[in-house]
Every structure is written in C-alpha cells, then in structure tokens.
Student: 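This is the structure I have questions about; it appears just below.
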Amino acid sequence: MSIELLSLLFFGALFIFLLLGLPLSFVLGGVSMIFLYFTWGPESFYMVAAQTWGAMNKFTLVAIPLFIFMAMILERSGVAKDLYEMMYLWFGPVAGGLAIGTVVICAIFSAMCGISGAAVVSMGTIALPSMLQRRYDKELALGCINSGGGWGILIPPSVIMILYALISGESVGALFAGGVFPGLMLLVLVSCYIGVRCYFQPHLGPALPKEERGNWPRKLAAMKAVILPVIIVLMVLGSIIGGITTPTEAAATGVLGAIVSAVVYRQFSWNLMKEAALRTLRLTGMIMWILFGAYCFSAAYNGMGAHQLIENMMQHIPGGAWGSIIFIQIIIFLLAMVLDPAGIMMICVPVFLPIVKAHGFDPLWFGILFVINMEIGYMTPPFGFNLFYLKGIVPPGITMGDIYRSVIPYTIVESSGLALVMIFPQIAVWLPQKLF
Amino acid sequence: MPFLKWFIETIDAINDWVGGFLSYFLFAFFVLLFIEVILRYFFNSPTVWANELAQMLFGTYAILGGGYILLTGGHVNVDILYSRYSVKTRAAIDIFTSLLFFLFCGMLLIYGGSLAWESLARFEHSQSAWNPPLYPAKLMIPLAAALLILQGITKLIRDILILLGREDSDRPEPEKGESL
C-alpha cells in the first residue's frame with residue numbers, strides 16, 4: 001500500500017472515530033494499534049507498553065495535578081472577591097473601569113494558576129453580576145471574562161506549557177518565562193480596547209456615580225487584597241526562575257499558598273479539599289490517558305513514514321517558511337473548535353514541530369504561538385471551554401448566543417496579539433534568553 | 001438479569017472506590033515535594049527518596065484513574081455530532097466504537113502485563129540512589145487496563161440493554177468533563 005493511501009486511511013479513521021464520540025485517548029490508542037499491526041507488526045505493541053511506562057515516570061508531570069489542585073482551591077478561596085473589591089474602588093470611576101479591573105484580576109489569577117477555568121468561574125460569579133447591575137453592556141462584560149479567563153495557560157505557570165515542554169524537549173522554565181511578556185501584552189491590548197471603546201461609547205460601561213466611589217482610606221485599605229496573590233506568585237514563579245526549585249516542587253509550594261489563602265479567607269473545609277482532589281484526579285487522569293494514546297499515535301505516525309509525507313506536502317504551501325507557520329496556526333485554530341487543548345497539543349506537536357525546526361524557527365517561540373492560539377481557541381465557538389464554563393454560571397437572562405457574540409471583538413484583539421508575537425518574536429523569546 | 005445488575009453495580013462500586021482512594025494521593029505528592037524543598041533549601045540535606053516516591057505514586061495515580069474517569073464520563077470526546085443523537089442511536093454507536101476501546105485496552109493488558117512480568121521475574125530495581133523495586137509500579141499497567149476493561153464491559157452491557165429497550169434510558173447524563 002502506498003504511503004499516501006495509508007496516511008489518508010490513518011487520518012481518516014482518526015477523524016471518523018472522533019466524530020463518533022469515542023473519547024480521544026481511545027481513538028488515538030485504538031486506531032494507532034491497528035496501523036502499527038499492519039506496518040511494524042505486533043512486536044511494536046510492546047514498545048507502546050514501554051512508552052506508557054515512560055510517561056508514568058516523568059517527574060515534571062507530577063506538577064500537573066498540583067497546579068490543577070491549586071487552581072481549584074483558589075477558585076473557591078475568596079481571593080477573587082477581595083481583588084474585585086479593590087479593582088472596583090480603584091478603576092470604577094473610569095468608563096469601562098470595572099471591565100478593565102476584571103481583566104487585570106484575570107491576569108493576576110493566571111499568574112497563580114496553570115489552567116484557565118478558575119479565573120472564568122471566579123470572575124463569572126463575582127464580576128459579572130456586579131457589572132450587569134451597574135448597567136454595563138452584557139456583551140462587553142461577558143467578553144472580557146471570556147478572553148481574560150484564557151490567559152491562565154499563557155501567563156506562567158501553565159499546565160499546557162509543561163506538556164509542550166515534555167513533547168518538544170524545551171525547558172519548562174524557559175517556556176514559562178516566554179509567556180510573561182506576551183501575556184502582559186494581551187492584557188494591555190484588551191484593556192486598551194475596553195478603555196477606548198468605553199471612552200467613545202460611555203453607555204457600554206458607565207463610570208460609577210460619585211456617591212458609589214470610595215475615598216482614599218478605603219482605596220488604600222483595599223490594597224491588602226493583593227498581598228496573598230503577590231506572595232503566591234513570588235513563591236511559585238520566583239522559585240522556578242530563580243532556580244531554587246524545579247517547577248514540580250514550586251507547584252507544591254503553590255498548593256501550600258492556595259491552602260493558606262483558603263484558611264485566611266475562612267473558606268477552608270475538608271469537603272472543599274476532598275472535592276478539589278477528586279476533580280483534580282479526573283482532570284489529570286484525562287490528560288494522562290490522552291498522553292498514553294498519543295504515544296501510540298506518534299509511534300504509528302512515524303512508523304508509517306507519514307512524517308515524511310507531511311513534510312513533503314508542507315513544501316507545496318505558498319509563502320515558504322512563513323506560509324507554513326501561518327498554515328499551521330490556521331490548522332491549530334480549526335482543531336481548537338472541536339478538540340480539547342491538551343489533545344491538540346499532543347497530536348500537533350509531533351507532527352508540526354519537525355517542520356518548524358526544519359525551517360529554522362525557534363521551538364520556544366513556536367510553543368508560545370501555539371499557546372496563544374489555544375487560548376483564543378478557549379473562547380471561540382463551538383467548543384471553547386470558557387464559553388461552557390460561563391454558560392454554567394451566568395444569570396438566566398443571558399443566552400448562549402449572547403456569549404458567542406460577546407467574543408467577536410475580543411477574538412480580533414487577541415488575534416492581532418498573536419500576529420504581533422509572530423512578527424516580533426522578541427516579545428516571547430527575549431526574557432527566556434536573558435534568564436536561561 | 002440479577003447477575004448482570006450485580007456485575008454492573010460491583011464494577012461501578014470498585015472503580016468509584018479506586019477513584020476516591022487515588023484522589024488522596026495528591027496530598028502525598030504535596031507533602032513529599034514540600035518536605036524535599038524544606039530539607040534541601042533550609043537544612044541543606046536533600047533526601048534521595050522523596051521525589052522518586054512522588055513520581056512513582058504519580059504513575060499509579062494517573063494510570064489507575066482510567067476506569068474511574070470512564071465511570072464518571074471524564075474522558076474528553078468530540079461531541080459536536082454525538083450529542084445530537086438520540087439515546088438509542090448513541091448506544092448503538094458506542095457498541096460499535098467499543099471495538100476500538102477494547103483493542104487498545106486489551107493490548108495494554110497483554111503487553112503491559114508482559115512488561116510487568118519481566119520486571120517481576122528479575123526483581124527489577126530502579127538503579128537510582130534510593131533503588132526502590134520497580135515491579136509494583138509496573139504491575140499497575142495491567143491492573144489499570146483490567147479496571148478500564150471491566151468498566152468498559154459494564155458500559156457495553158448498559159448500551160446493549162438500552163438498545164434492546166430493556167433498560168430505561170433515564171440514567172443521568174454524565175456531566176461534561178472539565179478542561180485545563
């Protein structure tokens with residue numbers, strides 16, 4: 001059988017079984033088993049078992065449940081409520097200020113958590129009702145939570161970056177450092193969008209009336225809300241970037257920080273711990289089983305020689321090296337419409353990274369582009385996870401249609417951010433080069 | 001039918017218990033890694049075992065959780081078309097796609113089993129400074145595959161019963177899984 005036909009059958013079978021609703025991990029594992037049998041024979045199954053064992057023994061991966069658990073605790077800890085109180089006093093008097101404050105809190109949350117759900121859920125329950133009550137436009141309010149909530153995977157720490165590091169062989173610390181400036185840039189871009197829009201259309205985000213504004217003593221007192229988050233961020237990121245601990249150990253100190261904040265805010269309970277631990281197991285196990293399936297997938301993919309085929313095909317894309325990069329970003333964006341980010345990462349990196357490297361691009365820079373793209377994927381229909389999280393907590397008057405429409409301007413802003421990082425790679429790679 | 005009912009309930013209960021048990025491992029990772037940081041940074045006396053033990057426990061945690069996650073519907077899938085079908089159509093599709101599921105898990109059981117068996121036969125140790133035995137952790141691969149297959153069988157039985165109209169399809173839909 002020719003390699004073209006074989007590859008076509010392989011990707012076709014993956015696609016069909018995915019659409020039939022079989023979980024991703026079993027589709028990857030099962031389809032790959034069939035093709036491995038016909039290319040390398042049953043001996044290759046032994047190698048698959050050995051790779052599964054290899055995946056169980058990656059010390060870096062131990063960071064994943066810890067970062068997830070940390071986010072689950074922080075989501076319920078009441079940190080967000082105090083932060084919002086502070087932003088309300090400081091930003092409220094400006095038109096659109098509450099929305100800008102909300103995205104700032106999202107960025108702070110992202111610097112504490114490695115996943116995106118926590119910020120969306122916290123801000124959706126605290127900031128959204130408050131903004132709606134003060135006659136903010138509902139699309140402006142929904143959209144800012146959607147877009148800010150996705151930064152969890154871009155601003156370090158980030159579970160997705162740990163997976164990228166594992167597959168690509170880049171260092172976790174360097175990737176984390178690479179996410180800092182692109183994350184800040186997106187924060188600035190989105191805040192500017194909100195600020196400018198509300199300056200010209202004040203009815204979208206009316207400034208707080210005089211009598212609702214806080215005075216200076218209140219404003220200063222509210223500043224204490226940032227103390228705990230700053231300590232947590234310094235503990236986790238500081239110890240990784242300062243080279244004191246491995247990312248995995250830093251995650252453990254982060255868990256301590258999260259538990260301490262739950263205690264300080266009087267939200268700590270054993271039930272909270274137990275429930276968070278179960279949710280963490282479900283999420284971690286889900287990712288790990290995709291990884292086990294993905295090892296079969298890469299074995300089959302490379303075994304058939306499909307990588308050669310894809311590399312040859314990519315040479316026909318117009319625009320040379322940049323054409324390929326843009327083409328890859330489009331593919332990832334389309335996949336993000338139907339698939340989970342962890343899954344996309346594990347399928348796409350083995351396929352696309354060799355091409356990116358062959359063109360002489362920096363794999364670290366590509367990783368950051370990948371993550372920004374995933375993050376846009378979180379907020380775009382139909383499969384964006386943030387949309388579903390948000391739908392679960394919004395007040396009854398808001399429909400899925402409102403949520404879908406709300407992301408349009410923010411998607412445009414964030415896509416321009418992606419383009420900026422493509423055109424000026426220094427935004428991503430300057431800090432890691434400086435530090436590592 | 002009483003046997004089938006008993007079988008389904010037993011397997012569900014086993015995987016549910018395994019999930020609950022595994023979820024506590026998280027606190028072990030936390031404590032182990034935290035101790036390591038404290039000992040190394042403040043007392044300048046790192047252990048040889050803390051990180052390796054956390055890593056081994058993590059392997060067990062990740063792989064044994066498979067059955068529990070299947071039970072709770074946590075394995076992520078593409079439901080863009082799937083969610084629009086009727087309960088019966090879904091059951092029929094699931095019966096068909098379970099072939100692929102059993103193929104993957106079956107191979108993991110057989111070849112993971114032989115991997116573990118070889119390790120057990122020569123009492124393999126990790127050769128690190130701490131040098132713990134590796135076979136208990138390797139045995140988790142076939143065990144996890146077995147738990148997953150058993151859970152898959154209960155799902156298959158349920159799907160067949162739904163298709164035959166023998167079971168009311170009033171089982172609550174598993175909630176949509178979470179993502180990163």
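Just so we're on the same page: letters track the sequence lines, and every chain starts at 1.
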Student: How about A:W40 and A:F38: are their ring centres within less than 6.0 Å of each other?
Tutor: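 No.
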Student: Can you label the angle between the A:F17 ring and the B:F96 ring as parallel, tilted or perpendicular, going by 30° and 60°?
Tutor: parallel
Student: With distance as the sole test, does A:S239 use its side chain to make a donor-acceptor pair with the main-chain N or O of A:V236 at under 3.5 Å?
Tutor: yes
Student: Could you check whether any side-chain N or O of A:D340 sits under 3.5 Å from a backbone N or O of B:V76, counting only pairs where one atom can act as donor and the other as acceptor?
Tutor: no
Student: Could you give all pairs that pass the salt bridge (charged side-chain N to carboxylate O under 4.0 Å, His left out) test and reach residues 9-27 of chain A, with sequence neighbours left out?
Tutor: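 Residue pairs with at least one partner in residues 9-27 of chain A: there are none.
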Student: For A:T245, is it the side chain, the backbone, both or neither that has a heavy atom under 4.5 Å from a heavy atom of chain B?
Tutor: both
Student: Which atoms of B:F25 come close to chain A, meaning under 4.5 Å heavy atom to heavy atom: side chain ones, backbone ones, both, or neither?
Tutor: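 Neither part, no heavy atoms under 4.5 Å.
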Student: Report, in residue-number order, which members of residues 46-55 of chain B are under 4.5 Å from chain A by heavy-atom distance.
Tutor: B:N51, B:A54, B:Q55
Student: Please classify the contact of B:Y24 with chain A as side chain, backbone, both or neither, using a heavy-atom distance under 4.5 Å.
Tutor: side chain
Student: Could you tell me which of A:S25, A:G285, A:G30 has the largest number of non-hydrogen atom pairs under 4.5 Å with chain B?
Tutor: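 Highest number of pairs under 4.5 Å: A:G30.
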Student: Is a donor on one side and an acceptor on the other found under 3.5 Å between the side chain of B:T154 and the backbone of B:I8?
Tutor: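 Looks like no, no N/O pair under 3.5 Å.
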Student: On the 0 to 90° scale, with breaks at 30° and 60°, tag the B:F104-A:F26 ring pair as parallel, tilted or perpendicular.
Tutor: tilted
Student: Taking the basic N atoms (NZ, or NE/NH1/NH2) and the acidic carboxylate oxygens, is any pair closer than 4.0 Å for B:D12 and B:K155?
Tutor: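 Between B:K155 and B:D12 there is no salt bridge, as every charged N stays at least 4.0 Å from the carboxylate O atoms.
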Student: Need one label for B:A116: side chain, backbone, both or neither, based on atoms under 4.5 Å from any heavy atom in chain A.
Tutor: neither
Student: Using non-hydrogen atoms and a 4.5 Å limit, figure out which bit of A:M72 sits close to chain B: side chain, backbone, both or neither.
Tutor: side chain
Student: Looking at chain A, which one of B:L22, B:I63, B:L64 has the largest number of heavy-atom pairs inside 4.5 Å, strictly under?
Tutor: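 Sorted descending by pairs with chain A, the first entry is B:I63.
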Student: Could you grab the distance from atom OG of A:S158 to atom OH of A:Y164, nearest 0.5 Å is fine?
Tutor: 12.5 Å
Student: Answer whether the closest heavy-atom distance between the side chains of B:I11 and B:I153 falls below 4.5 Å.
Tutor: no
Student: Taking the six-membered ring of B:Y82 as reference, does the NZ or CZ atom of B:R90 fall below 6.0 Å from its centre and within a 45° cone about the axis?
Tutor: yes
Student: Does any backbone or side-chain atom of A:L28 lie under 4.5 Å from a heavy atom of chain B? Answer side chain, backbone, both or neither.
Tutor: neither
Student: Is there a donor in the side chain of B:E118 and an acceptor in the side chain of A:Y46, or the other way round, less than 3.5 Å apart?
Tutor: yes
Student: Please classify the contact between B:I93 and chain A as side chain, backbone, both or neither, with a heavy-atom cut-off of under 4.5 Å.
Tutor: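 Side chain only.
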Student: Does any backbone or side-chain atom of B:T60 lie under 4.5 Å from a heavy atom of chain A? Answer side chain, backbone, both or neither.
Tutor: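 Backbone of B:T60 only, per the 4.5 Å heavy-atom cut-off to chain A.
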Student: Could you check whether any side-chain N or O of B:H125 sits under 3.5 Å from a backbone N or O of B:N131, counting only pairs where one atom can act as donor and the other as acceptor?
Tutor: yes
Student: Give the table of side-chain donor-acceptor pairs shorter than 3.5 Å for residues 47-56 of chain A, with sequence neighbours excluded, one pair per line with atom names and distance.
Tutor:
residue : atom : partner : partner atom : Å
A:T52   : OG1  : A:V48   : O            : 3.0

Student: Sub-4.5 Å heavy-atom contacts with chain A: which residues of residues 28-35 of chain B show up?
Tutor: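 Counting heavy atoms that sit under 4.5 Å from chain A, the residues of residues 28-35 of chain B involved are B:F29, B:F30, B:L33, B:F34.
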Student: Below 4.5 Å from any heavy atom of chain B, which atoms of A:C296 appear? Answer side chain, backbone, both or neither.
Tutor: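 The side chain, not the backbone.
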Student: Who among A:K58, A:M374, A:K274 has the most heavy-atom pairs with chain B under 4.5 Å?
Tutor: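 So the answer, after comparing A:K58, A:M374, A:K274, is A:K274.
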Student: Side chain, backbone, both or neither: which part of B:L70 has a heavy atom under 4.5 Å from chain A?
Tutor: side chain
Student: When only pairs under 4.5 Å are counted, which of A:I244, A:L24, A:T284 shares the most heavy-atom pairs with chain B?
Tutor: A:I244
Student: So, do B:L134 and B:M56 sit near enough that their side-chain heavy atoms are less than 4.5 Å apart?
Tutor: yes
Student: With only heavy atoms counted, which part of B:I69 is less than 4.5 Å from chain A, the side chain, the backbone, both or neither?
Tutor: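 Just the side chain, heavy atoms under 4.5 Å.
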Student: Rounded at 0.5 Å granularity, tell me how far CG in A:L166 sits from CG in A:L291.
Tutor: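 Separation between the atoms: 6.0 Å.
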Student: Quick one: CD1 on A:I68 to CG on A:L283, what's the gap to the nearest 0.5 Å?
Tutor: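 Result: 4.0 Å between the selected atoms.
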Student: Hey, can you tell me if A:F292 and A:W289 have their rings parallel, tilted or perpendicular (30° and 60° cut-offs)?
Tutor: perpendicular
Student: Between A:T248 and chain B, which part of the residue has a heavy atom less than 4.5 Å away: side chain, backbone, both or neither?
Tutor: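 Answer is both: backbone and side chain atoms of A:T248 are under 4.5 Å from chain B.
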Student: With only heavy atoms counted, which part of B:Y68 is less than 4.5 Å from chain A, the side chain, the backbone, both or neither?
Tutor: side chain
